[in-house]
**Student:** 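Have a look at this one.
Computed over heavy atoms, backbone and side chain alike; hydrogens, waters and symmetry mates excluded. All values derive from a computational prediction rather than experimental measurement.
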Amino acid sequence: MQTLYEAKAIATGSGRGGHVRSSDGVLDNPLAIPTSLGGPGGATNPEQLFAAGYAACFHSALQLVARQAKVRVDGSQVAAVVQLGAIEGGYGLGVKLEVSVPEVERSTVDGLVEAAHKVCPYSNATRGNIDVELVVV
């Protein structure tokens, strides 16, 4: 792989109850265990950060493949739902990507979503490692 960009983030403190900061300081957030997992909540967590990154990355990939196909995707959006669950020997993740492209024919959107899933770096990184469900809404 030829590196085009490199991001660095540093986690400190007590892991899920600690702090994350990007090396340039743009991202600078406390972390808290969600209340549904017995924590105090009130701050972001690794699953939310992953969901935000995957949603943004997939939306960018969708826009790229739409431009290449000469399809306008004005008003499009991608929501990433990240699930944390128990698996044998530890914990695992699952993702559901909910893609909305108003005013574009469903079959066209389906094709764009499949094409985006092939070029999105997050999709390529997770393929075969976690379940990713693609849903056109």
**Student:** Can a donor-acceptor pair be found, under 3.5 Å and without considering hydrogens, that links the side chain of Asp28 to the backbone of Ser22?
**Tutor:**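 No, Asp28 side chain to Ser22 backbone: no donor-acceptor pair under 3.5 Å.
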**Student:** After noting the C-alpha distance and the side-chain angles of Val95 and Tyr54, does the key distance pass the side-chain contact (heavy atoms from CB on, under 4.5 Å) rule?
**Tutor:** CA-CA 9 Å; Val95 176; Tyr54 203 160; 3.9 Å; yes
**Student:** Working to the nearest 0.5 Å, report the span between OG of Ser36 and CG of Asn45.
**Tutor:**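 Those atoms lie 8.5 Å apart.
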**Student:** Please report the shortest heavy-atom distance between Gly75 and Pro102, naming the atom on each side.
**Tutor:**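 Scanning both residues completely, I find the closest heavy atoms to be O-CD, 3.5 Å.
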**Student:** I need the minimum non-hydrogen distance between Val101 and Ser76, along with the two atoms involved.
**Tutor:**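 Reported closest heavy-atom pair: CG2-CB, 4.0 Å.
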**Student:** Could you tell me which non-hydrogen atom of Pro30 sits nearest to which non-hydrogen atom of Ala43, and how far apart they are?
**Tutor:**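 Where Pro30 meets Ala43 most closely, the heavy atoms are O-CB, 3.5 Å.
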**Student:** Answer yes or no: is there a side-chain heavy-atom contact under 4.5 Å between Val135 and Val99?
**Tutor:**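 When only atoms from C-beta onward are counted, Val99 and Val135 do not touch, as no gap falls below 4.5 Å.
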**Student:** For Arg72, I'd like to know if atom CZ has over 12 heavy atoms of other residues, nucleotides or ligands within 6.0 Å.
**Tutor:**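 12 or below, so no.
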**Student:** Linking I/L/V/M/F/W/Y whenever any side-chain heavy atoms sit under 4.5 Å apart, do Val20 and Ile10 land together?
**Tutor:**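 Unlinked, Val20 and Ile10 end up in two clusters.
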**Student:** For residues Phe50 and Leu97: do they belong to one hydrophobic cluster (side chain heavy atoms under 4.5 Å, members Ile, Leu, Val, Met, Phe, Trp, Tyr)?
**Tutor:**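 Same cluster: Phe50 reaches Leu97 through Ile, Leu, Val, Met, Phe, Trp or Tyr contacts under 4.5 Å.
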**Student:** For Phe58, what residues pass the ring pair (Phe, Tyr, Trp, His ring centres under 6.0 Å) criterion, not counting sequence neighbours?
**Tutor:**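 Ring pair (Phe, Tyr, Trp, His ring centres under 6.0 Å) check on Phe58 returns nothing, list empty.
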**Student:** Of all heavy-atom pairs between Ala69 and Leu112, which one has the smallest distance, and what is that distance?
**Tutor:**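 Where Ala69 meets Leu112 most closely, the heavy atoms are CB-CD2, 4.2 Å.
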**Student:** Atom CG of Asn29 and atom CG of Leu49: how far apart are they, to the nearest 0.5 Å?
**Tutor:**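 Result: 6.5 Å between the selected atoms.
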**Student:** Measure the CZ-NZ distance between Arg127 and Lys118 for me, rounded to the nearest 0.5 Å.
**Tutor:**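 With rounding to 0.5 Å, CZ (Arg127) is 8.5 Å from NZ (Lys118).
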**Student:** May I ask whether Leu93 and Val81 are part of the same hydrophobic cluster, defined by side-chain heavy atoms of I, L, V, M, F, W, Y residues being less than 4.5 angstrom apart, directly or through others?
**Tutor:**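 No, Leu93 does not connect to Val81 through the hydrophobic network.
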**Student:** Is there a salt bridge (Lys or Arg N to Asp or Glu O under 4.0 Å) between Lys8 and Glu6 once you walk through the steps?
**Tutor:** CA-CA 7 Å; Lys8 181 177 180 179; Glu6 182 175 274; over 6 Å; no
**Student:** Please report the shortest heavy-atom distance between Glu114 and Leu134, naming the atom on each side.
**Tutor:**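 Of all heavy-atom pairs spanning Glu114 and Leu134, the closest is OE2-CD1, 3.7 Å.
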**Student:** How many angstroms lie between SG in Cys120 and NE2 in His59, if you round to the nearest 0.5 Å?
**Tutor:**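 It comes to 12.0 Å.
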**Student:** Can you find a pair of side-chain heavy atoms, one from Val73 and one from Gln63, that are under 4.5 Å apart?
**Tutor:**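 Heavy-atom side-chain distance check passes, below 4.5 Å.
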**Student:** Spell out, yes or no, whether Val136 and Val78 are grouped together once hydrophobic residues are joined by side-chain heavy atoms under 4.5 Å, including indirect joins.
**Tutor:**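 Hydrophobic grouping puts Val136 with Val78.
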**Student:** Do Tyr91 and Leu37 share a hydrophobic cluster (ILVMFWY, side-chain heavy atoms under 4.5 Å, transitive)?
**Tutor:**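 Tyr91 and Leu37: one cluster.
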**Student:** Counting heavy atoms not belonging to Asp131, are there more than 12 under 6.0 Å from its CG?
**Tutor:**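 Not more than 12 within 6.0 Å, no.
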**Student:** Distance check, rounded to the nearest 0.5 Å: Met1 atom CE versus Thr3 atom OG1?
**Tutor:**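 It is 4.0 Å, given to the nearest 0.5 Å.
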**Student:** Can you tell me how far the CG atom of Leu62 sits from the NE2 atom of His117, to the nearest 0.5 Å?
**Tutor:**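 With rounding to 0.5 Å, CG (Leu62) is 13.0 Å from NE2 (His117).
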**Student:** Taking all heavy atoms of Leu31 and all of Gly15, pick out the closest pair and write down the distance.
**Tutor:**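 Closest approach of Leu31 to Gly15, heavy atoms only: CD1-O, 3.4 Å.
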